[in-house]
Amino acid sequence: MTVSDHRFLHHAAPHIAGLSPYVPGKPVSELERELGITRSIKLASNENPLGCGAAAREAYQACIGDLGRYPDGGAYALRRAIAAHHDLDPARVTVGNGSNDVLDLVARAFLHPGQESVFSEHAFAVYPIATQAVGATARVAPAREHGHDLNALAALINERTRVVWVANPNNPTGTWLSADALREFIDGLPEHCLCVVDEAYFDYVTEPDYPDASAWLEDFPNLIVTRTFAKVHGLAALRVGYGLSHPHVAELLNRVRHPFNVSVPAQAAAIAALSDQQHVTRSIRHNRDEMAHITAGLSGLGLGWIPSVGNFVTVDLGRPAAAVDQALLREGVICRPVANYGLPNHLRITVGLAEENARLLDTLGAVLERPA
Ligand SMILES: *Cc1c(COP(=O)(O)O)cnc(C)c1O
């Protein structure tokens with residue numbers, strides 16, 4: 001559909017008419033249907049290639065007998081499990097239909113036209129969408145070595161700023177902020193500016209001075225930490241995540257939350273996943289080993305990549321990534337071009353199973369040998 005034949009565009013709120021939607025990784029089924037191919041692999045959405053653990057799967061399956069009932073709208077058991085996991089009061093927990101939902105709740109509760117949110121160049125694409133969807137203004141700070149430049153972010157904060165979004169680590173760059181730097185940044189914020197620290201990849205990070213921002217909630221009433229079950233827990237299909245904040249912030253987020261935003265099986269599987277440390281450990285180990293294989297393989301192809309602490313790596317192809325991506329798709333390999341993040345020559349690759357990563361490297365090598 002083109003803009004000119006869009007019948008309803010001029011009826012939409014102006015900030016919605018100007019909004020660019022999120023572009024998700026193509027599902028395997030869609031690519032195969034389009035190209036008439038089989039055996040494709042998806043390394044495009046930072047999913048856990050091992051899937052979820054057995055405990056979460058069993059908890060999910062146990063819900064089948066009673067699908068006629070609405071979920072617990074207050075997510076009592078899940079919020080208690082999350083609170084216990086972080087050693088916090090359940091009143092600090094807001095559950096979401098994925099952590100994306102929590103980011104939207106923050107925007108709906110705290111941003112409106114005339115107000116601003118601040119984030120970094122190359123930051124997660126949901127921040128501008130959540131901001132623009134409520135008619136607020138996005139302010140983008142230049143990145144430094146592909147990562148967040150906290151001084152540049154601080155320089156954009158003014159009396160209209162209500163939210164600063166910080167992804168730690170960031171997607172799609174995999175860059176991260178140290179405890180000292182991030183804490184000092186939050187400490188310097190005015191109280192009217194909430195800081196959302198998005199820790200979607202928290203468990204994957206093994207750097208010693210990488211912070212758990214949830215430990216700072218007592219110190220900073222304007223801090224919101226988000227986590228998800230979609231990444232290391234392998235529950236992306238179920239859509240469940242959460243925010244941790246001051247209880248008064250959580251109370252406001254809960255005012256705009258849909259009462260049944262997390263389904264019965266999602267609540268049950270998430271509770272089980274939280275106590276399945278074995279699966280988390282296995283997933284982290286797999287990621288560490290395979291990240292080493294992929295990055296060594298990329299270097300072997302003569303390619304540079306942005307050092308990443310997540311479960312993905314963004315490689316510099318040294319030429320427009322769109323054509324390379326198309327060629328990879330025709331070979332059944334789905335990665336994520338990140339031109340929409342201001343990185344037109346880069347391709348983001350999710351760490352997959354060993355055989356998937358080997359195939360990615362082989363296919364990428366073959367595609368790059370062809371004349372551009
Ligand atoms: C994947 C991701 C999320 C989580 O999304 P869900 O809605 O929980 O699936 C949040 N933030 C970042 C930076 C991500 O990459």
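Positions are given from 1, in the same order as the sequence printed here. One-based numbering, in listed order, for ligands and for the atoms of each.
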Full working for side chain to side chain contact (heavy atoms under 4.5 Å, CB included) between Y242 and S99
CA-CA 6 Å; Y242 57 95; S99 58; over 6 Å; no
I need the atoms of ligand 1 closer than 4.0 Å to a non-hydrogen atom of [X], numbered in the order shown.
X: N171; value: 13 (C), 14 (C), 15 (O)
X: R239; value: 6 (P), 7 (O), 9 (O)
X: A230; value: 9 (O)
X: K231; value: 1 (C), 2 (C), 3 (C), 4 (C), 14 (C), 15 (O)

Separation between OH (Y341) and CG (N170), nearest 0.5 Å, reads 8.5 Å
*Has R227 got its NZ or CZ under 6.0 Å from the middle of the six-membered ring of F202, at an angle within 45 degrees of the ring axis?*
yes
I need the contact type for [X] against ligand 1. Using non-hydrogen atoms and a strict under-4.0 Å cut-off, is it side chain, backbone, both or neither?
X: Y201; value: side chain
X: S99; value: both
X: D198; value: side chain

Can you label the angle between the H122 ring and the H146 ring as parallel, tilted or perpendicular, going by 30° and 60°?
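It falls in the tilted class, 30° to 60°.
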Assign the ring pair W216 / F220 to parallel, tilted or perpendicular, where the plane angle (0 to 90°) is split at 30° and 60°.
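Ring orientation, 0 to 90° scale: perpendicular.
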Report task. Consider ligand 1: state whether an atom of it lies below 4.0 angstrom from any non-hydrogen atom of A200. Result -> yes
When T173, T314, N171 are each screened for side-chain hydrogen bond (donor to acceptor under 3.5 Å, both in side chains) with R348, the one that passes is N171
